[in-house]
Visitor: 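Okay, here's the structure, questions in a sec.
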Amino acid sequence: MEKETTNDLTPERVIQILKKKGTEVDIEEAKTILDFVKKIAHIAVNQYLRGKL
């Protein structure tokens, strides 16, 4: 059986991405940012599917 790989965005990856752009955050801030981004994405998808975008 093949190993399943995912491209999930982790707090560690958020830290790496922001660091490249010159913003330093700790793990707790990265978790908060990630939670916010997921909520916004969920709202955007729901609005799109309902034809409101």
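Values reported hereafter were calculated over all heavy atoms of this structure, with side chains retained and with hydrogens, waters and symmetry mates removed.
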Visitor: Would you tell me whether R50 and Q47 have side-chain atoms, one donor and one acceptor, within less than 3.5 Å of each other?
Guide: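 The answer is no; no qualifying pair exists.
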Visitor: Quick check for you: to the nearest 0.5 Å, what is the distance between E29 atom CD and L34 atom CG?
Guide: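 If I round to the nearest 0.5 Å, the distance is 13.5 Å.
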Visitor: So does K31 pair up with D35, basic N to acidic O under 4.0 Å?
Guide: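 No, this pair does not count.
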Visitor: Verify the cluster assignment for V45 and Y48: are they in a single hydrophobic cluster under the rule of side-chain heavy atoms below 4.5 Å apart?
Guide: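 Yes, because V45 and Y48 connect within a single hydrophobic cluster, where side-chain heavy atoms sit under 4.5 Å apart.
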Visitor: Distance check, rounded to the nearest 0.5 Å: E12 atom CD versus I17 atom CD1?
Guide: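 Those atoms lie 11.5 Å apart.
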Visitor: Only one of T32, V14, I15 forms a side-chain contact (heavy atoms from CB on, under 4.5 Å) with I27, so which one is it?
Guide: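 Of the listed options, the one satisfying the test is I15.
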Visitor: Between D8 and T10, is there a donor-acceptor pair closer than 3.5 Å when you use the side chain of the first and the backbone of the second?
Guide: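 Looks like no, no N/O pair under 3.5 Å.
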Visitor: Measure the spacing between CG of N46 and CG of L49 and express it to the nearest 0.5 Å.
Guide: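 Rounded to the nearest 0.5 Å, the CG-CG separation comes to 6.5 Å.
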Visitor: Which atom names give the shortest non-hydrogen contact between P11 and A30, and what distance separates them?
Guide: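 Heavy atoms only, the tightest pair is O-CB, 3.5 Å.
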